[in-house]
Amino acid sequence: MLFTIFAALTVAGAVAAISLRNLVHSVLSLILAFAGLAAVYLLLGAQFIGFAQILVYVGAVAILIVFTILLTRNDGTFGHSSQASWNLGALIVIAVFGTLAWAIHSSTALHHAPPPQPEATMQQIGTALMVRFALPLEVIGLLLTAALIGAATIALHEKQERP
Amino acid sequence: MTPLSSCLLLSSLLFSVGFAGVLMRRNAILILIGIELMLNAANLNFIAFWRYGSAPEALTGVMFVIFSIGVAAAEAAVGLALIISIYRHRKTTQIDRMNSMRG
Amino acid sequence: MTALSYNSLHHSSPQAADQIFVIVQHWIVGHAPVGLQPLLAILLSVVAIVGGFGLLFAITTILERKGLGRIQNRYGPNRVGFFGSLQPIADAIKSLTKEDIVPQTADKLVHLLAPILLVLAAFSVYAVLPVGRNMVLVNLDAGVLFFFAIGSVTEVAVFMAGWSSRNKYSLLGAMRAIAQMISYEVPLILSSLTVIMATGSLSTVSIVEKQAGYTGILPHWFIFTPWGFAGFVLFMIAATAESNRSPFDLPEGESEIIAGYYIEYSGFKFALFFLGEYLGMFAISGLAITLFLGGWNAPLPFLTWVPSYLWFFAKLLTLIVAFIWVRGTLPRLRMDQLMNFAWKFMLPMALLNLITAAVWHFMPAGPVRWLVSIVLVVVPYTVLGRNQMHKGHLEKRVYRFAE
Amino acid sequence: MSTSMEATTPAAHHGFADATMIDHESELLQISLGPHHPSTHGVFRMDVVLDGERVVKLKPVFGYLHRNHEKIAESTTYLASIPYTDRLDYMCSLSNNWAYAMSVEKLAGLQVPERAEYIRVIAAELTRLQNHASTIGFLMQEMGASGTPLMYAFREREKILDLFEALTGSRMMCNYMRFGGCRVDLPAGWLDQARKTVAEYPRFLDEFESLLASNEILLARTQGVGVLPPKLAIQGGVTGPILRASGVNYDIRKVDRYGIYERFDFKVPLGEHGDVYDRYMIRMLEMRESLKILDQALQQIAPGPIMDPKAKIRGFRPKAGEAYGRIESPKGELGFYLISDGTPNPYRYRVRPPSLINLTVLEDMCLGSSLADTVVIFGTIDIVLGEVDR
Amino acid sequence: MLGEGIAKGLIETARNFLGSYVNKDRLTTVQYPEERLPQAEATRDFPFLVYDGEDWQAGLRCVGCQICEKECPPKCIFIEKSTDKKPDAVGKPQFYPAVFNIDISVCMSCQICVKVCPFDAIKMDTAFELSTYDRFGGLLWDKAKLAKPNQHYHEIHPTEAAEVDGRLADERAKADAKAKAAAEAKASAPPPATPPAAPPANSGVSSTS
């Protein structure tokens with residue numbers, strides 16, 4: 001029952017995020033979608049992922065998008081693309097969703113009873129990260145620093161060039 | 001309608017909504033929002049299969065989501081920086097006008 | 001999320017006074033129908049938290065105004081009630097009766113949602129704070145992470161407030177607030193990381209339990225270790241910035257941009273913003289107490305008979321007094337200095353603090369360990385401090401006199 | 001910076017509606033600081049054009065407090081203008097009186113007796129103390145120290161204002177100097193009270209010193225901010241503590257040696273960098289010098305007449321001619337230029353307002369600094385709108 | 001060392017905080033309506049008309065010479081002279097002001113009217129809580145509202161009042177003596193025969209009045 005509420009919330013947020021005219025409103029509904037998703041994760045028992053989702057997406061990525069919106073003055077001619085491509089896009093999306101739904105419905109792997117709630121304590125995640133996933137941890141650290149410096153230089157570089 | 005299939009249904013719905021966003025909107029920022037939604041849909045799949053899948057104590061699903069969140073955040077940051085720098089030159093965020101390769 | 005687990009309460013605990021609230025709650029819950037019992041337990045705890053910290057908010061407003069007054073050689077409010085004690089009630093009534101003006105061009109829905117989201121986030125952070133022994137709403141395994149996750153939601157609320165009131169100053173204030181919060185969240189999390197490394201767990205209750213016990217008269221609090229003290233100082237500086245208090249109260253720099261992001265709010269919504277800010281301050285000092293000052297543990301061995309929650313609130317009050325004291329003394333930092341300080345002083349110090357904590361953890365106990373850690377803390381402090389000060393060659397100047 | 005937005009009058013930009021009002025052609029944000037703004041020392045407006053946080057253009061707009069003082073003075077007698085001079089720089093009315101009285105004495109050739117000269121020096125130096133104290137208090141307020149330094153400064157200022165009330169009858173609107181001396185002699189016990197206040201004052205300066213002078217945040221906020229090069233200061237006609245903070249040695253008490261200032265030995269502090277911190281410290285050091293003058297004056301004062309016998313209260317007609325009397329008021333060189341045509345009313349009555357002239361260099365100091373700095377730099381110029389607008 | 005100056009500043013405010021409970025100098029504010037700061041003796045607020053004796057109509061010192069009206073910088077005094085005369089304190093018949101209005105809202109309490117008044121008729125009061133609801137009628141004070149007894153003058157400015165009374169007493173004494181001498185001269189002119197007896201009685205009379 002709780003799951004359906006959060007699922008509905010998430011989908012509503014997502015649909016609103018891509019359909020609202022005002023950019024800032026769409027970002028706020030995107031935040032709603034992320035929060036709904038975090039709640040679903042908590043329901044599924046992955047506490048760490050739920051909180052990480054809020055911390056990363058709601059706390060940082062959404063604010064980044066908002067800053068970008070405010071920095072780039074949209075000059076008013078935004079909105080839906082021409083009517084034709086709108087229908088075409090809708091058609092493709094429905095096709096994609098149809099195939100996925102059919103695949104889920106007919107696959108046989110899902111029919112056995114749900115196993116008991118698995119344990120994902122911080123202790124286990126910590127050790128798993130340090131032991132089995134040590135290499136990916138180092139790589140992700142490297143990647144994040146590279147992305148950070150890259151993003152900063154791209155945005156900052158432009159600043160100095162102004163007269 | 002087992003819980004696993006409902007999760008998968010939700011994530012596929014999210015994925016298609018994100019995909020629709022990418023296809024139908026002309027504003028670069030909204031395309032990024034669409035991509036974020038698609039990434040989140042994928043994360044939801046991982047957690048669903050970790051929860052209802054065969055060997056949950058291996059924590060592979062959870063680990064994968066952690067790294068995917070990290071990558072997604074990095075990608076969002078770089079994407080937004082690109083949008084800002086393009087806006088500085090073209091004074092627009094409409095992707096249709098970003099077709100010329102000149103500097 | 002099971003609420004207060006009943007089986008954890010063993011009636012054999014000597015201090016009945018210490019567990020008074022827990023016993024009362026069980027007695028009430030006992031009367032409810034079985035089906036509703038978990039819900040009622042949670043409800044009782046929530047009411048207790050909202051009531052308790054709401055009262056603390058009232059006490060702090062009067063404490064702040066009288067304290068600032070006394071620092072400035074004047075009385076502070078003493079007209080309403082005995083020595084001004086009923087002043088918070090008068091403020092509450094005033095804010096309720098004041099007309100709630102919403103600017104015509106404002107974005108009505110977002111304008112309304114912002115203060116509600118802010119207060120919601122501020123209150124929900126208290127779920128993980130262990131106010132006393134067995135008195136935490138929910139003992140989350142990843143408690144500290146929960147705290148920082150919900151804490152970052154306030155940035156969204158601040159943006160919504162700043163943007164929706166469609167006012168030049170509020171937008172400027174919101175931008176400043178968000179930039180400040182983000183850049184001080186990093187040292188905040190890093191300085192709390194040292195404690196998490198030392199205790200090996202993210203759950204606030206186990207962090208406090210690790211700080212129980214005394215050697216001689218010195219309690220095992222983390223503040224009494226070199227890395228703990230440095231972590232505490234960094235944490236408090238970042239906490240002041242996170243809750244927009246005194247030297248970092250740039251977003252509502254009255255003398256520059258009038259009142260920052262809540263300039264277009266009046267009446268009860270304005271009061272909500274203040275409630276949100278003060279609750280943020282209590283929450284972050286609560287976390288500082290949990291991480292560094294030994295939560296509900298008594299400072300001296302022979303004082304353990306005092307109920308645990310009294311210790312928590314006593315430490316909270318001392319931290320609040322410290323906030324007020326700092327507010328009464330220091331001028332405000334400028335925006336770029338604030339950023340500069342965060343990224344060039346706080347971040348390196350926090351990272352180095354991680355190393356000192358690691359060294360402390362692996363070296364055998366003894367004076368050598370103390371010496372090495374102290375050196376590891378003091379040397380970077382002086383080096384970074386001198387670089388911070390002498391970059392703009394800031395020092396007291398000597399003046400010549402013409403005849 | 002060649003912005004496409006020409007410097008039309010702010011009113012032309014009146015039609016802003018959208019909150020994120022960034023000019024469409026460029027990234028500039030136009031804000032008007034004042035006249036209804038908490039830190040503009042009275043009704044004063046600054047039209048600031050911001051590029052992000054940096055100030056690109058700043059236009060001071062004043063005149064809100066213009067009371068036509070100089071034209072009114074032409075239609076009233078010399079004596080009737082004295083109470084109006086209190087309202088010029090309402091923070092230091094005794095210095096204004098002295099400047100006006102001195103120029104009229106030059107016009108009419110009156111000779112001020114010894115005791116009156118001592119009383120004038122004591123009054124002027126006490127005015128300088130309380131003016132500098134409140135200026136620094138307001139400056140700290142603008143930097144965000146929520147009222148504490150201001151309250152300490154006002155606690156000391158109150159003691160001096162009580163001295164003024166006992167001597168002249170009113171705290172701020174003293175109306176005490178007359179042509180050829182002072183209106184009333186020192187009441188009994190006033191000198192000991194003055195000596196006690198002057199003896200206690202250094203404790204306040206030391207307290208201020210330890211509270212703020214080495215405070216890292218203050219150093220960071222003030223050093224190197226709003227630098228006024230000496231050459232620009234001289235060209236701009238700037239006078240007073242601001243000029244001396246830029247290193248130019250020009251103090252009218254030493255240059256003109258008016259009154260009996262040459263009897264007291266005191267020094268003139270000079271700054272090197274000419275930034276906000278120098279202006280703050282110069283005022284602190286000037287207060288210590290004033291204390292030295294006060295100590296010597298309070299010892300040397302001797303009983304005697306306080307009014308030149310030749311001076312007449314009514315029917316005062318100075319002979320035709322012109323005179324320019326100037327003194328070192330706490331803000332700078334305050335001068336009165338009078339042209340008399342033999343009638344009881346002055347033919348032309350002109351005030352040289354140090355605040356207005358110091359204001360002309362505001363934009364040069366603020367260019368390139370942030371909004372927060374603009375407010376602080378404006379605070380160090382220490383202007384009083386009564387004197388700017390007259 | 002970073003933070004050293006800030007620590008000194010914090011100690012300073014702590015000293016003020018604790019000091020405010022200990023010594024008076026650290027807590028200078030006064031609870032206004034209940035406690036009031038003592039006013040200096042020379043304080044001046046708004047002028048009032050002095051009258052001697054009980055009946056303010058007769059005892060009013062002002063003779064309506066309108067010097068203060070001319071000298072007042074903001075021109076806030078308005079006087080209409082009376083047509084008939086009444087004997088003043090010295091006995092000489094003088095005019096008196098039929099109408100004497102001062103517009104308190106215009107007056108800036110500069111005390112020039114007190115300085116130029118040859119008859120010490122107008123002095124400065126020390127009352128400052130004069131707020132009224134009506135800006136025009138309430139603040140335009142007529143003769144009745146302005147007149148206050150000499151005792152009141154002694155209460156608010158004791159030394160100044162004593163000195164003024166002393167001067168007035170001498171004037172009155174001189175005037176009496178002169179009047180006596182004039183009366184004496186007039187009396188002795190027609191009957192030249194009785195010159196010697198007059199002078200001694202003369203001096204006795206003047207000292208008693």
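What you are looking at is a predicted structure, and each value in this text was computed from that prediction instead of being measured.
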Exercise for review: Hey, could you give me the OH/OG1 distance between Y87(B) and T68(A), rounded to the nearest 0.5 Å?
Suggested key: 12.5 Å

Study note, to complete from the structure: If one checks every heavy atom of L13(B) against chain A at 4.5 Å, the contacting part turns out to be both

Exercise for review: Considering only heavy atoms and a distance below 4.5 Å, find which of S11(B), C7(B), G61(B) pairs most often with chain A.
Suggested key: C7(B)

Point to revise | L82(B) versus chain A, the contacting section by heavy-atom distance below 4.5 Å | key: both

Check your understanding: Does any N or O in the side chain of R25(B) come within less than 3.5 Å of the main-chain N or O of I18(A), such that one atom is a donor and the other an acceptor?
Key -> yes

**Study point:** Value rounded to 0.5 Å, distance of CD1 in I69(A) from CG in N27(B)
**Key:** 8.0 Å

Review point. Roughly how far, to the nearest 0.5 Å, is the OG atom of S68(B) from the CD1 atom of I140(A)?
Key: 8.5 Å

**Study point:** Contacting moiety of L137(A), where chain B heavy atoms sit under 4.5 Å
**Key:** both

Review point. What residue in G34(B), A20(B), A76(B) has the most heavy-atom pairs under 4.5 Å with chain A?
Key: A20(B)

Point to revise | Part of I29(B) within contact of chain A (heavy atom distance under 4.5 Å) | key: side chain

Study note, to complete from the structure: Interatomic distance, CZ@R88(B) vs CG@L71(A), rounded to 0.5 Å, equals 6.5 Å

Practice item. Evaluate the criterion side-chain contact (heavy atoms from CB on, under 4.5 Å) for residue pair I84(B) and F67(A); output intermediate values, then yes/no. Key: CA-CA 10 Å; I84(B) 291 176; F67(A) 265 54; over 6 Å; no

Study note, to complete from the structure: One option among I83(B), L32(B), V17(B) has the most heavy-atom pairs under 4.5 Å with chain A, and it is V17(B)

**Study point:** Which atom of L144(A) lies closest to which atom of G70(B), heavy atoms considered
**Key:** CD2-O, 3.7 Å

Point to revise | Heavy-atom pairs under 4.5 Å with chain A, option from G79(B), G18(B), A77(B) with the top count | key: A77(B)

Practice item. Report the option among I47(B), V22(B), I31(B) that has the most heavy-atom pairs separated by less than 4.5 Å from atoms of chain A. Key: I47(B)

Check your understanding: Does a side-chain heavy-atom distance below 4.5 Å link F19(B) with I92(A)?
Key -> yes

**Study point:** Interatomic distance, L8(B) atom CG to L100(A) atom CG [nearest 0.5 angstrom]
**Key:** 9.5 Å

Review point. Is chain B contacted by the side chain of A60(A), its backbone, both, or neither, given a heavy-atom distance below 4.5 Å?
Key: neither

**Study point:** Non-hydrogen side-chain atoms of N40(B) and Y57(A) separated by less than 4.5 Å
**Key:** yes

Review point. Are side-chain heavy atoms of Q53(A) and V65(B) found at a separation under 4.5 Å?
Key: no

**Study point:** Which portion of V15(A) sits near chain B, non-hydrogen atoms under 4.5 angstrom
**Key:** both

Check your understanding: For the candidates G21(B), S16(B), A72(B), which exhibits the highest count of non-hydrogen atom pairs separated by less than 4.5 Å from chain A?
Key -> S16(B)

Check your understanding: Got L14(B) and L37(A) here, is their nearest side-chain heavy-atom distance under 4.5 Å?
Key -> yes

Point to revise | Closest approach of A17(A) to I33(B) (non-hydrogen atoms, all atoms of both residues) | key: CB-CG2, 4.2 Å

Revision key, fill the gap. In T60(B), L59(B), I66(B), the residue satisfying side chain to side chain contact (heavy atoms under 4.5 Å, CB included) with F133(A) is T60(B)

Exercise for review: Measure the CD1-CG distance between I65(A) and L80(B) for me, rounded to the nearest 0.5 Å.
Suggested key: 6.0 Å

Check your understanding: With a 4.5 Å limit on heavy-atom distance, are the side chains of L44(A) and W50(B) in contact?
Key -> no

